[in-house]
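On a predicted model such as this, the values are computed, not experimentally measured, just so you know. Per chain, numbering begins at 1; letters A, B, ... match sequence-line order.
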Amino acid sequence: MKIATWNVNSLKVRLPHVLQWLEAAQPDVLAVQETKTVDENFPLAEIEAAGYKSVFSGQKTYNGVAILSKVEASEVVTDIPYLDDPQRRILAATVDGVRVVNLYVVNGSEVGSEKYAYKLDWLAKVTAWLQEQVTQYPKLVVLGDFNIAPEDRDVHDPVAWEGQILCSEPERTALQTIQSLDLSDVFRQFEQPEKAFSWWDYRAAGFRRNLGLRIDLILASKALSESCTRCVIDREPRTWEKPSDHTPVVAEFAE
DNA sequence: ATGGTGGTCCAACCA
C-alpha cells in the first residue's frame, strides 16, 4: 500500500499537478492539505476520472484537507472532542483497513504570538485524541503538514532557525509527544540523502538553493511501521511550473 | 538588515 501526503496550497490552482502526479505515482492514498476549497466546489469529478474517490473537509480561503483513495474511504471524522474549531485541519478516514489521519497542523506564525499559543494548544488537544486513536486502530497512519521540523538535520540552516517558528523546542517537544505514542517517523527508518526537505519558501529562490525544511511527515503505528518498505520525498512536482511550496512525501507498506 | 513570492480575492491576511 502506497500512502502519500502533499500540501498543495490551493487545490483549485494545483489540480493539474495533483492529477499529473496521481497518474504517475499511483498512490493508494493521498492526503492533501491546504485545499482552500469549500466542499461545494471540490473537484470530485476530475479526481474520480483519474481513478480516485475523495473525502474532504473544506473551508473558504484557508486550510482545508482531503483524502483521495483508490478504494472508497469510510468512517470519516472531521471534528474531535475538546477542539471546537471552525478551521478545517483534521480529516480521518479508514481506507482498506488502514486508519488514515490527515493533519494540517497550525503554522503558528511567530514564537510567542497568539497563533503560536493556538498551535501548542491545538497540538495538545490533537495529541490527546491521537492517544485514543492508537489504541482503537492498530493500523494507524498520521500524516500531513506538521509545520514542525523534527530535528536540526531537517533544517537547511539550523543555526539561523534555532528557536524560530517550526523549529522551537516547545513545538519539537509536542511532536515528540505524538511520536511517543508509538508513532514512528517512517522517513527516518531508512537511509536518506543529506538535506532532504519537503518545503521551500517561495521567496529568495528557496528551492533552487535548497533552503528548505522537512515538515511534511508520515507517522505510522507499530503494526504499520514494521511493514514499511520505503519512504521518499518526491521533489519532482516542486520543479513544475507554478508549483506548491511543498512536495509530496510517499511511504510504501507491504501487504 | 530588509524583504523577497504566492493564494485568495481587491485590502489584507496567511504562509
TODO: Assess the side chains of A:W21 and A:D234: does a donor N or O sit below 3.5 Å from an acceptor N or O?
DONE: yes
Task: OP1 or OP2 of B:dA15 under 4.0 Å from side-chain N/O of A:R89 - done: yes
TODO: Rounded to the nearest angstrom, tell me the gap between atom CH2 in A:W240 and atom P in B:dG6.
DONE: 18 Å
TODO: Mind checking the CZ-CZ spacing from A:F146 to A:R172? Nearest 0.5 Å is all I need.
DONE: 15.0 Å
Task: Residue pair A:Y137 / A:T94, side-chain donor-acceptor N/O under 3.5 Å - done: no
TODO: May I have the distance from A:E34 (atom CD) to B:dG6 (atom P), rounded to whole angstrom?
DONE: 15 Å
- [ ] By nearest nucleotide on DNA chain B, pick out whichever of A:K36 and A:Y104 is the more 5' one.
- [x] A:K36
Task: Residues forming a salt bridge (Lys or Arg N to Asp or Glu O under 4.0 Å) with A:D121, sequence neighbours excluded - done: A:K125
Open item on the list: Please confirm whether the shortest side-chain N or O distance from A:K60 to OP1 or OP2 of B:dC9 is below 4.0 Å.
Closed with: yes
Open item on the list: With heavy-atom distances below 4.5 Å as the criterion, would you say the side chains of A:V32 and A:R14 are in contact?
Closed with: no
Open item on the list: Is A:K242 close enough to B:dT5 that one of its side-chain N or O atoms is under 4.0 Å from OP1 or OP2 there?
Closed with: no
Open item on the list: I want to check one thing: is the phosphate of B:dT2, taken as OP1 and OP2, less than 4.0 Å away from some side-chain N or O of A:R203?
Closed with: no
TODO: Mind calculating the distance between CG (A:N9) and P (B:dC13) to the nearest angstrom?
DONE: 18 Å
- [ ] Please state how far atom OH in A:Y202 lies from atom P in B:dG4, giving the value in whole angstrom units.
- [x] 17 Å
Open item on the list: Heavy-atom nearest nucleotide on DNA chain B for A:A204 versus A:S109: which residue maps closer to 5'?
Closed with: A:A204
Open item on the list: At less than 4.0 Å, is any side-chain N or O atom of A:T61 found next to OP1 or OP2 of B:dG7? Yes or no.
Closed with: no
Open item on the list: Rounded to whole Å, please give me the gap between CG in A:N147 and P in B:dC14.
Closed with: 14 Å
Task: Linked hydrophobic residues, A:W200 as query - side chain contacts closer than 4.5 Å - done: A:F197, A:F207
Task: Paired stretches of DNA chain B - 3 or more consecutive Watson-Crick or G-U pairs, each distance under 3.5 Å - done: B:5-8 with B:12-15
Open item on the list: Any side-chain N or O of A:K12 below 4.0 angstrom from OP1/OP2 of B:dG7?
Closed with: no
TODO: Please examine the side chains of A:T35 and A:F56, heavy atoms only from C-beta on, and report whether any two atoms are closer than 4.5 Å.
DONE: no
